[in-house]
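By convention here, the first residue in the shown sequence is residue 1. Quick note: numbers below take in every heavy atom, side chains included, and nothing from hydrogens, waters or symmetry partners. Remember, it's 1-based here, ligands and their atoms both numbered in the order they're listed.
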Amino acid sequence: MNSTPKSLRLQVGFFGRTNTGKSSLVNYIAGQDVSITASMPGTTTDIVEKSMELLPVGPVVLLDTAGIDDVSEVGEHRVARTKKVFMRSDIAVLVVEPDTWGVFEDDIVERAKAAVTPLVVVINKSDTQPPQESVTARAGEVSSHVLITSAVDRPGRILFVEKFTNALLAVLPDEFRNEPTLLGDLVPAGGLIIFIVPIDLQAPKGRLILPQVQALRDALDNDAAVLVVKEREYAAMLTRLAAPPDLVVCDSQVVLKMVADTPPGIPCTTFSILFARFKGDLVQLAEGAAAIDSLKDGDTILIAEACSHHAMEDDIGRVKIPRWIRQYTGLECAFDVSSGRDFPDNLQEYNLVIHCGSCMLNSAETRSRLQKAKEAGVPVVNYGVCISAVQGVITRTLSPFPSVLMAYEDALEDYNRTEDT
Ligand SMILES: Nc1nc2c(ncn2[C@@H]2O[C@H](COP(=O)(O)OP(=O)(O)OP(=O)(O)O)[C@@H](O)[C@H]2O)c(=O)[nH]1
Ligand SMILES: [Mg+2]
């Protein structure tokens with residue numbers, strides 16, 4: 001991530017009067033305190049930048065600015081500096097209070113128009129009062145993307161970040177509109193990736209499986225090199241390299257060995273996680289993985305297979321995953337299995353759905369199943385992400401995707417909180 005040059009990162013500027021909550025909003029989106037906030041107007045005196053990965057938009061820089069209504073002596077300099085940030089912003093976010101829209105807001109709108117910078121309006125502090133009609137009306141006139149929020153509403157954060165990201169996606173300038181890639185964005189051009197591919201009895205004769213071939217192709221399309229190795233030779237191979245690899249990717253079944261053999265600091269993940277991200281499902285699946293930690297004795301888990309197959313001895317879905325869940329949680333849960341085209345209608349009766357890698361389903365079908373689970377309020381995880389979780393290495397395998405990791409950790413906290421209450 002850090003090797004993405006700043007100019008390739010989408011720059012999102014936050015503008016508005018002093019005290020509207022620009023800094024609070026930047027912190028809210030970043031999920032951490034990067035900018036100082038205070039009830040006193042004029043708190044932010046210089047530009048504060050936060051680089052982060054905001055999926056599925058990609059790498060972004062959030063730019064927190066000083067309020068443009070600062071009339072103090074030094075205020076003039078600050079205002080001048082804020083106006084400069086305007087020139088740098090690819091997208092401008094105008095932060096307003098529920099009851100205030102005046103010349104300063106209009107001024108920002110004019111600047112955005114003049115610079116042909118897309119504008120998103122955030123009406124903040126909605127916990128203090130509902131937005132006035134005049135404010136929502138004016139906001140709606142100047143932007144088709146108006147979000148109402150409260151930067152102090154912690155439980156509402158994930159939903160807001162999703163809405164905010166969708167707004168950014170909707171107004172994203174073309175040059176930032178990347179085709180989704182499997183892994184090309186995770187390594188610099190000329191980088192080295194190691195694939196750890198177990199060749200066991202289940203491996204097809206004489207070839208690699210399609211996801212591995214697709215990942216290989218994606219690496220080549222992005223001018224990276226790939227070294228393919230079995231898990232047994234991996235550690236020895238690492239010692240032969242002059243520099244550490246930029247990324248290591250393994251089959252979920254050997255994730256524990258990969259993490260054990262990979263020195264900290266080298267980003268590593270699994271094919272399953274790469275594909276879940278590629279299809280746009282990773283955040284929901286990571287949140288589903290967090291639910292494993294709050295399972296209780298007697299909970300019922302649905303193992304959902306997309307294709308009907310003969311269960312093999314030591315079958316991953318029917319045997320291994322239930323065993324790992326038992327070992328990881330120390331609980332006795334009940335497992336139901338559904339297979340084939342039909343996804344049960346009684347999802348709300350389950351405490352967790354563990355879905356197969358859905359190699360037989362297209363993205364639309366996978367997404368509709370995930371949506372169904374979301375509507376039923378049931379956490380859902382797939383085999384690959386689940387394996388990382390029950391092997392206790394998920395924070396490592398999600399580390400190449402900071403915003404996903406954040407969503408996972410937030411979900412863990414949320415589950416803990418609901419348990420406490
Ligand atoms: N109730 C409520 N308070 C908020 C909200 N957002 C921010 N605040 C509070 O409003 C005050 C100002 O927030 P800041 O984030 O510092 O505002 P700012 O726009 O960055 O202000 P300047 O840096 O001075 O321009 C702080 O006391 C925040 O805690 C919100 O959604 N609801
Ligand atoms: Mg501020």
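Salt bridge absent: Asp33 and Lys50 never bring a charged side-chain N and a carboxylate O closer than 4.0 Å. Salt-bridge annotation for Lys296 and Glu332: absent, with no side-chain N of the basic residue lying under 4.0 Å from a carboxylate O of the acidic one.
Protein N/O/S atoms closer than 2.8 Å to the Mg ion (ligand 2), listed by chain and residue number, are Ser23 OG, Thr44 OG1.
Taking a cut-off of under 4.0 Å to the non-hydrogen atoms of Pro41, the atoms of ligand 1 that pass are 24 (O). Per-residue contacts place Gly67 under 4.0 angstrom from the following atoms of ligand 1 (heavy atoms of the residue considered): 25 (O). Atoms of ligand 1 lying under 4.0 Å from at least one heavy atom of Ser150, given by number and element, are 30 (C), 31 (O), 32 (N). Ligand 1 places these atoms under 4.0 Å from at least one heavy atom of Thr128: 1 (N). Ligand 1 places these atoms under 4.0 Å from at least one heavy atom of Ala151: 6 (N), 30 (C), 31 (O).
Counting protein heavy atoms only, atom 3 (N) of ligand 1 is closest to Val152 CG1, 4.1 Å. Among all non-hydrogen protein atoms, the one lying nearest atom 6 (N) of ligand 1 is Asn124 ND2, 3.0 Å.
Nearest-residue assignment for atom 13 (O) of ligand 1 (options Ser24, Ser23, Gly42; heavy-atom criterion): Ser24. In this comparison of Lys22, Gln129, Lys125, the heavy atom closest to atom 4 (C) of ligand 1 sits on Lys125. Looking at Asp127, Thr45, Val95, it is Asp127 that brings a heavy atom closest to atom 2 (C) of ligand 1.
Checking only distances, Asp64 never comes within under 3.5 Å of ligand 1, N or O to N or O. At under 3.5 Å, a nitrogen or oxygen of Ser39, whether backbone or side chain, sits near a nitrogen or oxygen of ligand 1.
The main-chain N or O of Val197 is never found under 3.5 Å from a side-chain atom of Asp251 such that the two would form a donor-acceptor pair.
The closest side-chain donor-acceptor pair between Thr395 and Tyr408, if any, does not fall under 3.5 angstrom. Between Asp299 and Tyr350, the side chains place no donor N or O within less than 3.5 Å of an acceptor N or O (distance only, hydrogens not considered). Side-chain atoms of Thr44 and Ser23 form a donor-acceptor pair, as typed in the model, at a separation below 3.5 Å. Judged purely by distance below 3.5 Å, without hydrogens or angles, the side chains of Glu349 and Asn346 pair a donor atom with an acceptor atom.
Ligand 1 lies nowhere less than 4.0 angstrom from a heavy atom belonging to Gly16.
Contacts classified as ring pair (Phe, Tyr, Trp, His ring centres under 6.0 Å) and involving residues 371-400 (residues at least two apart or in different chains) are not found.
Neither the backbone nor the side chain of Ser126 comes within contact range of ligand 1; no heavy atom lies under 4.0 Å.
Because its NZ or CZ atom is not both nearer than 6.0 Å to the ring centre of Phe104 and within 45° of the ring axis, Arg17 does not count as a cation-pi partner of that residue.
For the atom pair CD (Glu141) and CZ (Arg138), the distance works out to 5.0 Å, reported to the nearest 0.5 Å.
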